[in-house]
Amino acid sequence: SSLPTAADRPHQPSARRLGRHVAAAMGIEPQHLVKLSAGVLLSLAAARYLWKRYCISDDYDSTNPKPSTGASPKKAFRVPTKAARAGDSDVYVYFGSQSGTAEGFSKELEAEAKQHDLSVSVVDLEDFDADEFSKHKVVVMVVATYGEGDPTDNAVEFFKWLQGEERGAEELKGVQFCVMGLGNRQYVGFNSCGKLADAKMEALGGTRIYERGEGDDDQNIEEDFEQWKERGFWPALRQAAGKGDAGADGEKSTKAGKKDILASLQLRAEVREDPKKLPVDPLVQVGGADILGKWYFQAHQSQVVTEYELRQASDPEAGKTTKHLDFDVKKIPSLDWRTADNLEVLPSNPIDVVEWWAERLGVKDQLESSVGFARAEGIDRLVKKPFPTPCSVQDALGLYCDLCAAPSKGAMKKLAVFVSNDEERSTLEALLEDRQAYQWLTGEGVRASFRELFELYLESATVDFGTFLQLCPRQKSRPYTIASSSREDKHKIGVCVSVVAEELRPLDEIVKELESRGHAAPGGAAALKRRGEAASSSRSFRGVCSTMLCNRTKQGERLWIQARPSSFRLPRKSSTPIVMIGAGTGVAPFRGFVREFKAENGARQKTMLFFGCQKSDVDFLYKDEFQEALDAEPKVLGELVNAFSREQDKKVYVQHRLRERAQDVAAMVQDGGYIYVCGATSMGAAIRDELTIALGSPDYVTRLLTEGRYIEELW
């Protein structure tokens, strides 16, 4: 299933009846069958264009259509990606991305390259072509590591090719390269894909021109990326491209201006009350223009069938609420999931935020109208939509634009060119060049929102709706560990969610601090006046997805979801001991495990769960369920060890309970047991320390990690 559009409805009654009969026979929902038919017609028009464009051109050899070395069979006959062809650009930036971070960094490099007199082509590793790749003169790899050391979905084929036994020592001779790896240090395989790409490309004859970078998402991955570039990245690239180092900065041209930004946009957006009157461009295709866009087109809409509070004492206004929600996935057979996998949920922006931006962009009276995309003037090639259209203006802003979080510096630099007041624009550009100041403004404790940044620094910005839709950061889905058992009920997925809340500094303090840092906000005085007395009060941060799920989502509502595998897998043998350690919502996968134990009729007798919260009568999640599991005959859960941190003078956490039960846990591990840990990174570090003491050696813990018997999911 994919996100449905508002158009593409059959107009003849007979066609509608026929569609229902065919859909029923094939097991397909009628609206999907209609969408498929429309897609076929558009695809035929696009195919005719592409045949003329590529198959009759000089660079298509119709007598030898065999796939390139290392290409997957399903991509063997795809149209060559223009950006991937050797000789078109000075530098080729390939990205492997799961959440869009690596892709975003790659596009930042593309935008910055003009300042260094370099032409850059950004290539999705899904479009990797071995023959073209080996012809490139300069290549930059920006690759993320996913899960426990795996390549991202779009980079799987590339890494298969890279590690193929048939690869020779001179396969990449003449290719100059460097690698920026992205990962999370909390995982065992931290940056393993970046390290592998760096080592293998050199082993295959490539020449490394710059040190490998390592971005850590557990700390500040954007800062890591910036520092990696600052150590001499651009001079190294210019030297490799045969343009000299051009000094320390390598700047040869002016920064991108408004005309440059507008010229880079491949689409134009149109708004109509009647979606049938929107332009239909056969070369504007579905499927997603980027990693996040692809998620939208692959997601499924699912109904929330259960929603209830898990805390014994809740206060939603203060952010103290934890909900359990169940999603009905019976009608989504293509959604494959297992116990304790991850469920990704697409949030929607709060309505007041959407309305503010709609007014700012001049479309407040058109929220119910439909928006669609067509190619921008001068674009004569196939272009993919950034998100599904036609859709309402409300959905375009509410679902697909990240209107809450402050954008990255790269995104803000693109928006800065639309500030009409020269002094205001210069002030904003100076702020964006001060890495520490912008990091402070958008980091913990301050967290200036996108709206606040606009009010403070972009008062005179004039940006139309269609341009904003293409420049605004995309809304990302949020992953939640599944808290239900696929063995118990394959048709219902449960998640456990707490509101992410943080109290922030008042706006008047922020304005003063910015001034003291030399970045006085042009719109500061007006912003403070609009807020009145509230400007001196603490501000509140609320996670957009957790707030939606806990405070706004009710039974019967439909949300966009997708399932992803996790590293949490129960051992096959029911006799294998299992130790589970979680605090707060970190208990989610273990609630799923306990439901699995119940579905197995209590076959696993050697199980121990450590659970931590503040008080037994305040936030003891799934309290009744766990007690039932303990009381069942045969037992569903072997033992429950609780750590209530606020029920005594001295705080007690799960790591303290683990220390008390060190001997028992060590015995279970020595008997072949598995240990699962889920929760905050600080808790995870403390658990690992205690386990090292319990087992007598850090080498023992390392062995468990290597054997896959010590599994962590931390945030």
Side-chain angles (χ1 to χ4, degrees), residues 304-327 343 345 347-354 403-405 444-449 451-452 478-481 483 494-507 509 531-557 559 582-591 611-627 642-654 678-683 715:
V304 175
V305 293
T306 308
E307 172 266 324
Y308 57 89
E309 178 65 54
L310 289 171
R311 293 171 58 103
Q312 288 75 34
S314 63
D315 184 354
E317 289 297 318
K320 295 181 179 180
T321 175
T322 304
K323 293 289 185 71
H324 177 92
L325 300 97
D326 286 317
F327 292 85
L343 187 74
V345 180
S348 61
N349 293 307
I351 186 62
D352 62 309
V353 174
V354 172
L403 301 180
C404 294
E444 291 184 10
V446 179
R447 295 188 190 274
S449 68
R451 170 180 172 174
E452 287 169 341
R478 274 46 165 194
Y480 296 94
T481 306
V495 293
C496 170
V497 185
S498 281
V499 169
V500 178
E502 182 184 353
E503 293 306 303
L504 305 173
R505 293 181 64 174
L507 188 63
E509 290 185 14
R531 283 163 176 76
E533 293 182 1
S536 58
S537 300
S538 296
R539 296 151 52 248
S540 296
F541 169 80
R542 296 291 185 266
V544 63
C545 195
S546 61
T547 301
M548 177 192 76
L549 291 171
C550 290
N551 294 350
R552 305 202 314 266
T553 301
K554 303 301 179 185
Q555 185 175 329
E557 291 190 37
L559 301 177
T585 55
V587 79
F590 310 133
R591 190 265 185 176
F611 171 66
C613 64
Q614 291 188 355
K615 292 184 177 182
S616 58
D617 59 352
V618 173
D619 56 347
F620 192 162
L621 310 184
Y622 301 109
K623 180 178 182 178
D624 294 339
E625 283 193 33
F626 289 147
Q627 189 58 53
N642 292 311
F644 302 121
S645 63
R646 304 294 196 278
E647 286 195 349
Q648 56 283 310
D649 293 337
K650 187 177 181 180
K651 293 179 181 179
V652 176
Y653 298 112
V654 284
C678 187
T681 53
S682 57
M683 182 210 74
W715 56 86

Q: Applying side-chain contact (heavy atoms from CB on, under 4.5 Å), name anything that partners Ala313, two or more places apart in sequence or on another chain.
A: Val618
Q | Interatomic spacing from OG in Ser498 to OH in Tyr480 - rounded to 0.5 Å | A | 10.0 Å
Q) More than 12 heavy atoms of other residues, nucleotides or ligands under 6.0 Å from CD of Glu444: is that the case? A) no
Q) Got a second to check how far Gln614's CD is from Ser645's OG, nearest 0.5 Å? A) 5.0 Å
Q | Main-chain N/O of Ser348 paired to Arg552 side chain as donor or acceptor, under 3.5 Å | A | yes
Q.
Under a 3.5 Å distance rule, please check whether Arg539 uses its side chain to pair with a backbone N or O of Pro506 as donor and acceptor.
A. no
Q. Arg542 and salt bridge (Lys or Arg N to Asp or Glu O under 4.0 Å): which partner among Glu317, Glu502, Glu503?
A. Glu503
Q) Is the backbone N or O of Phe644 less than 3.5 Å from a side-chain atom of Gln648, with the two atoms forming a donor-acceptor pair by type? A) yes
Q. Would you say the side-chain atoms of Thr553 and Glu307 include a donor-acceptor pair closer than 3.5 Å?
A. no
Q) Using 30° and 60° as the class limits, which term best fits the ring planes of Phe611 and Phe620: parallel, tilted or perpendicular? A) parallel
Q | Whether Asp619 side chain and Cys613 backbone form a donor-acceptor pair below 3.5 Å | A | no
Q.
Between Glu309 and Thr322 (side chain of the first, backbone of the second, donor and acceptor by atom type, cut-off under 3.5 Å), is there such a pair?
A. yes
